[in-house]
Amino acid sequence: MQYDRIDARILEIVQKNNRLTSEVIGEMAGLSATACQRRLKRLRSDGIIEADVSIVSPKAVGRPLQMLVLVSLERERTDIIDRFKKAIKSSAEVVNGFYVTGDADFVLYVTACTMDDYEQFTRRFFYENPNIKGFKTMVIVDRVKVGFAIPIEAPED
């Protein structure tokens, strides 16, 4: 996956606002709208742009409780890890999931409507899974920075 300085500029622009038209993005990057569309299509097909999403306020949609959950598995076997990854992907409550190094095996970003709902989630997702050694929940008090923007370095010519 390669990109040039113009692609880097396009990536910077769309990470800040992906609702801009190809005309506006092209103008900002020094391209025609058609050339910009071609580059965006290639960046998507090459997997450099993984998705175009909107960031939704959990509170606004009735899910005001947000937690980071550190999960430790009983054993680190590939089949157990793969099953847990699949469970993460299929859970609506888990917004983001990361397989990590360090004290925990996974870090999950979870939302819930109420503490009772979160307790039901923990019973179903953690306590009923014999491969979970333990988990620690950190309740998020304030989302200080939210986004998915990655710093983009333009390649050397």
task = Determine, using the 4.5 Å side-chain heavy-atom cutoff (strictly less than), whether Met115 and Phe135 are members of one ILVMFWY cluster.
result = yes

ask   = If you group Ile, Leu, Val, Met, Phe, Trp and Tyr by side-chain heavy-atom gaps below 4.5 Å, do Phe125 and Val107 land in one group?
value = no

note = Rounded to the nearest 0.5 Å, the CG atom of Leu43 sits from the CD atom of Glu50 at a distance of 12.5 Å

message = Quick check for you: to the nearest 0.5 Å, what is the distance between Gln120 atom CD and Cys113 atom SG?
response = 12.5 Å

request  = List the steps, then state whether side-chain contact (heavy atoms from CB on, under 4.5 Å) holds for Ile25 with Leu40.
outcome  = CA-CA 10 Å; Ile25 297 168; Leu40 282 166; 4.2 Å; yes

Contact summary for Arg143 and Ser57, nearest pair of heavy atoms = NH2-CA, 4.2 Å

task = Say whether, by atom type as modelled, one donor and one acceptor occur between the side chain of Asp4 and the main chain of Ile6 under 3.5 angstrom.
result = yes

ask   = Any side-chain heavy atom of Tyr3 within less than 4.5 Å of one from Ile10?
value = no

request  = Show the numbers, then the answer: is there a salt bridge (charged side-chain N to carboxylate O under 4.0 Å, His left out) between Arg63 and Asp117?
outcome  = CA-CA 10 Å; Arg63 300 188 70 79; Asp117 290 336; over 6 Å; no

task = Might you confirm whether atom CD of Glu27 has over 12 heavy atoms from other residues, nucleotides or ligands at distances under 6.0 Å?
result = no

key: Connected via hydrophobic side-chain network under 4.5 Å: Met28 and Leu31   = yes

inquiry  = Regarding Asp82 and Lys86, does a basic nitrogen lie under 4.0 Å from an acidic carboxylate oxygen?
reply    = no

inquiry  = I'd like to check Ile80 versus Glu76 (side-chain heavy atoms, cut-off strictly below 4.5 Å). Are they in contact?
reply    = no

query = To the nearest 0.5 Å, what is the distance between CD1 (Ile132) and OG1 (Thr122)?
reply = 11.5 Å

ask   = Is Val95 reachable from Leu70 through a run of I, L, V, M, F, W or Y residues, each pair having side-chain heavy atoms under 4.5 Å apart?
value = yes

inquiry  = Within the 4.5 Å heavy-atom criterion, are Arg42 and Asp7 side-chain neighbours or not?
reply    = yes

request  = Could you tell me whether a side-chain N or O of Gln15 sits under 3.5 Å from a main-chain N or O of Ile150, the two making a donor and an acceptor?
outcome  = yes

inquiry  = Salt bridge or not between Lys133 and Asp105? Use side-chain N to carboxylate O under 4.0 Å.
reply    = no

inquiry  = For the OG1 atom of Thr21 and the CD atom of Gln37, what is their distance to the nearest 0.5 Å?
reply    = 9.0 Å

ask   = Of all heavy-atom pairs between Arg5 and Ala154, which one has the smallest distance, and what is that distance?
value = NH1-CB, 3.7 Å

key: Side chain proximity check, Lys41 to Arg44, heavy atoms < 4.5 angstrom   = no

ask   = Which pair of heavy atoms, one from Pro58 and one from Thr111, lies closest together, and at what distance?
value = CB-CG2, 4.4 Å

query = Taking C-beta and beyond as the side chain, do Asp103 and Lys136 meet within less than 4.5 Å on heavy atoms?
reply = no

query = Are any non-hydrogen side-chain atoms of Ile55 and Phe148 less than 4.5 angstrom apart?
reply = yes

Main-chain N/O of Val144 paired with Asp142 side-chain donor or acceptor, under 3.5 Å = no

task = Give the ring-plane orientation class for Phe84 versus Phe106, where under 30° counts as parallel, over 60° as perpendicular and anything between as tilted.
result = perpendicular

inquiry  = Walk me through whether Glu119 and Arg123 qualify under salt bridge (charged side-chain N to carboxylate O under 4.0 Å, His left out).
reply    = CA-CA 6 Å; Glu119 182 184 1; Arg123 289 173 185 261; 2.8 Å; yes

message = When you group the ILVMFWY residues by side-chain heavy-atom contacts below 4.5 Å and let the links chain together, are Val94 and Tyr127 in the same group?
response = yes

message = How long is the straight-line distance from CG of Asn129 back to CG of Leu73, given to the nearest 0.5 Å?
response = 8.0 Å

query = Hey, what do you get for CD1 (Ile48) to CD (Gln2), rounding to the nearest 0.5 Å?
reply = 9.0 Å

task = Begin from the C-alpha positions of Phe126 and Thr137 and carry the test side-chain contact (heavy atoms from CB on, under 4.5 Å) through to its verdict.
result = CA-CA 12 Å; Phe126 301 122; Thr137 301; 5.9 Å; no

task = Over all heavy atoms of both residues, which pair between Gly26 and Cys36 is shortest? Give the atoms and the distance, please.
result = N-SG, 3.7 Å

note = Closest heavy-atom pair, Glu128 versus Arg124, reported as atoms and distance to 0.1 Å, is CB-O, 3.7 Å

